[in-house]
Number of protein chains: 2
Amino acid sequence: MAPIAHVERYRMFELNLTGTSAGNPYADVTIQAMFTSQSTGETVTVNGFYRGQGRYSIRFMPTEEGVWTYETRSDAPSMEERKGEIVVEPAGEGNHGRVLRACDVAKGALREAYGAQLPYCFSYEDGTPYQPYGTTCYAWTNQPSDVQDRTVATLAKAPFNKIRMCVFPKYYDFNTTDPEMFAYEGSMAEGFDHTRFNEPFFENLDRRIEQLDELGIEADIILLHPYDKPEWVFSAMGAEADGFYLSYMARRYAAYKNVWWSLANEYDILLPQKPLEDWRRYARIVMANDPFNHLRSVHNCTRMYDYNETWCTHCSIQRIDVTRTTECIADWRREFGKPVVCDEPGYEGNIYWGWGNLTGEELIRRFWEGVMRRGYVTHGETFIDQGEQVWWAHGGELHGDAPARIAFMRDVFADLPLDAAPLDADMPSEFAWSTLLPSGERVPHTPQGEKAGPYWDVPVLRSSDDYQLVYFGWYRPAYREFSLPEGNRYAVDVIDTWGMTIETLPGTYEGSVRVDLGRQYMAVRIRKA
Amino acid sequence: MAPIAHVERYRMFELNLTGTSAGNPYADVTIQAMFTSQSTGETVTVNGFYRGQGRYSIRFMPTEEGVWTYETRSDAPSMEERKGEIVVEPAGEGNHGRVLRACDVAKGALREAYGAQLPYCFSYEDGTPYQPYGTTCYAWTNQPSDVQDRTVATLAKAPFNKIRMCVFPKYYDFNTTDPEMFAYEGSMAEGFDHTRFNEPFFENLDRRIEQLDELGIEADIILLHPYDKPEWVFSAMGAEADGFYLSYMARRYAAYKNVWWSLANEYDILLPQKPLEDWRRYARIVMANDPFNHLRSVHNCTRMYDYNETWCTHCSIQRIDVTRTTECIADWRREFGKPVVCDEPGYEGNIYWGWGNLTGEELIRRFWEGVMRRGYVTHGETFIDQGEQVWWAHGGELHGDAPARIAFMRDVFADLPLDAAPLDADMPSEFAWSTLLPSGERVPHTPQGEKAGPYWDVPVLRSSDDYQLVYFGWYRPAYREFSLPEGNRYAVDVIDTWGMTIETLPGTYEGSVRVDLGRQYMAVRIRKA
């Protein structure tokens, strides 16, 4: 028996073992452990991984307090039937466990509190609500170490609680430098051995994911992506090597509570070399090696993925239409019935392409349009004249106007009632297209029928008679009148989403209230007094 | 024989006759004349109309120069077989005749010059290209006379060459005053006689349409609309009275060269009282009484009309999706194969509704997005704190920032090659929606397949190797590089569509050119040097 280990609930317990280094232990040796809770009887089987020089690790994340025992299994006799015990302490301050879907977490009264919004929400596993406000730094862990440190320092002050990040380096405009370390043994000159991983590369990745966790940031790990260099070929290793890698990633990182799996960035650029069936198989490989069942998705370029596939826990969408972006979240919720993250709505910056030269105003408008439809929106920044690093790829520093407004926005939405529902008065994009009936009559393709009512033009969030939030986006009404539910008095806040001010109107109102607005990017919040 | 009359080609010849005033001549007396060109032999039959006090008129617009003779027919013997002759002089300066579809005007080399754009273009009947830059003053001819005069004075300085205007008064927010005159005999107190027209009302309308013609403005006459008052009921007169009115309007106004027919504003609000078959019948009535075959369309609210119906010469569309507005012109061109006017893309102003509280920047962006797709876009203005009149309904004065930019825009597009074609790189709205094949693969609903190439993000107009115009809209690239066709040198203009400047880069370029931009609402024009 090893000495009794103590670990906080939801934090990682790492069992380190020593065994053979003969042959290729990455491929040849299997090692796993069964962890059993002495209070619930639950047993979790966890696959371990090799990390070079005869060292093996098995990483476990206890989801219940109390005593857990474990016992190893291995085809290497020296690592067989190792036994031990861990004592799981209560979760500490700020430790809420994994982010999962609210429908998989919330029970009883909490479940009821979400109402019809349950399928579209995330939650920490301890029941704390979680709304992702992500950012994007694709290749930040492939930059020089000091740049990585600066990225962490920037994130510590930024409003983000999720980050989209690749494992492999990125080769693309502004991304042409080779990284100092690669995921595999070998070299660009001699090629890489896709059956042997480079431990220092992964130790750095371990540390960076830990640092993110300390900052309360979910690591949305992009396992594969197309932006590759002929001397790297990590995007075209073949199905067997892909599977070997995915299995390793899941075994190494599944016990980090802040991990999400994104099978790919822009999977469709990898078609047809990696056909759709590959992605489903890759999802099965990840699931088989992740006993903690982290969130899983995949990200598109111009071809929407079918997020109805059961392995997908949520949508991770790049907007396709260049005009109608996060407004489509209303449609995607209807189509897929899952939490919707618009992970690429365009970035703030001034790169030459339309995906990365939005003003701060426009990116923040897209954030609001999305969150008002109870989806989630992800930030990115692409200034090409603000120093060597471009945040979207390298990390480094932030230069834009959006992050401060995202921080403000998080505050506004922090007390959103869990069941606040978007009025589906705004039309799905296909409304512009209609169906010609045999009678010659055209009918719109919308479940709601006609646009109608006082909120046909703006997104609205409403929770019973208690709460209503209306966002005006690029509109500039001099004023607007709101009807109020009868029998109550209401307090009214005028929110300048760009100016970052909240003005509470004096007194309370009943019947109706006229609110002066007069500029763009305003919102009005009406709460029962 | 009457004295020989002289009239300019395309201008109106009015034959005035005196006859019975007994009974109800509006309904009881038929009067028409056959006009025959002595040079071509063509005969045009024109229905006349009664105008009270025993006066009858027949209005004719000669489309050919030279001598025309005429002869009347009537069931009133005193007006039967009146004969005369008119001499049609050449069209004067600025008189280009009717606006028609280019496909109905252009022959030979001119036809070829339009290339594939022919179905989507308008043209004056003398072959002069016509691009509508319209505005909207729904009830301007129902305002007090001094307001009408001020509207004309404003239009004389404004950049508009088309105006959307109703015949009947409008009852709606900011439109609650009864007009001084009505189209019918009778009164609000005693009701109106839908079989007897009020001549002073129509004489004013005659004069106003003439004034528009003098300013080079097409009168897009909205024959019916839903914004009615219980004491007026012009929107619910019944099918017989509607037909009687439409026939009268066509007989009275078809000889004005600057008339377009819009069967209705927001026809779908008049459903189901006036079902779709009514609109088709109404179109036939107008056509039967308009020997000059003016442009005809109808305008929607939330239900797209089927502009494939053969009586429609063009589309007169109100955007339905509140986000993706004139960008949809690419889709509508594909769907209907006719000239597309987005007659309601939203208005500049600060009214409480989203259709009328755009900034000038946003309205001008919508103009450019539409015209870059070779559609046409119509202006409107709805400031509610700039005096008594609101331009969109009453006329009066303009207060916004858009008109100056529309004037600038007209200049930019004045020398657009007739065959300049939009690159269909931007996707139709349904691209966001895909089809699930039995194989599980999703394919987009777009004829072009994938978004791709260097112009996936921005609209482009291009004419062979000679001309390219690219518009960046709300994007803010620091710079953009353009490949140039081999073997030529090019001149490059940087156009600030909001700042209203055109900066020509020094020298000429071959191979490629990098153009610094750095702010929103920029365009780049590249022409063979």
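Treat the numbers as computed from the prediction; the structure is a model and nothing was measured. Order of the sequence lines fixes the chain letters, A, B, ..., with proteins taken first and strands second; residue numbering starts at 1 for each chain.
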Sort Arg514(A) into side chain, backbone, both or neither according to what part of it lies under 4.5 angstrom from a heavy atom of chain B.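 Neither the backbone nor the side chain of Arg514(A) comes within 4.5 Å of chain B.
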Gln520(A), part contacting chain B, at a heavy-atom distance under 4.5 Å: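 For Gln520(A), side-chain heavy atoms alone lie under 4.5 Å from chain B.
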Among [options], single out the residue with the greatest number of heavy-atom pairs under 4.5 Å to chain B.
{"options": "Arg366(A), Glu369(A), Glu361(A)", "answer": "Arg366(A)"}
{"options": "Gly349(A), Gly354(A), Ala478(A), Pro275(A)", "answer": "Gly354(A)"}
{"options": "Thr382(A), Ile351(A), Thr359(A), Thr325(A)", "answer": "Thr359(A)"}

Would you please classify the geometry between the Trp353(B) ring and the Trp456(A) ring as parallel, tilted or perpendicular, with 30° and 60° separating the classes?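 The arrangement is tilted - the two ring planes meet at 30° to 60°.
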According to the interplanar angle, ranging from 0 to 90°, do the rings of Trp498(B) and Tyr521(B) count as parallel (below 30°), tilted (30 to 60°) or perpendicular (above 60°)?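 Trp498(B) and Tyr521(B): tilted rings.
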Checking Asp268(A) side chain against Arg303(A) main chain: does a donor-acceptor pair fall under 3.5 Å?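 The answer is yes, because a donor-acceptor pair under 3.5 Å joins these two groups.
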With no hydrogens and no angle check, is any side-chain donor or acceptor of Glu381(A) less than 3.5 Å from a backbone partner on Trp391(A)?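 Answer holds: no.
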Within this structure, what is the CG-CG distance for the pair Asn300(A) and Asp343(A), rounded to the nearest 0.5 Å?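 Answer rounded to 0.5 Å: 9.5 Å.
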Hey, would you say the Trp474(B) and Trp368(B) ring centroids sit under 6.0 Å apart?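 No, the ring of Trp474(B) stays outside the 6.0 Å limit from the ring of Trp368(B), centre to centre.
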In terms of heavy-atom pairs under 4.5 Å, which option from Asp385(B), Ile384(B), Asn350(B), Leu517(B) contacts chain A the most?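 Most heavy-atom pairs under 4.5 Å with chain A: Asn350(B).
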Among Tyr352(B), Phe383(B), Phe472(B), residue most engaged with chain A (heavy-atom pairs, under 4.5 Å):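 With the most close heavy-atom pairs to chain A, the winner is Tyr352(B).
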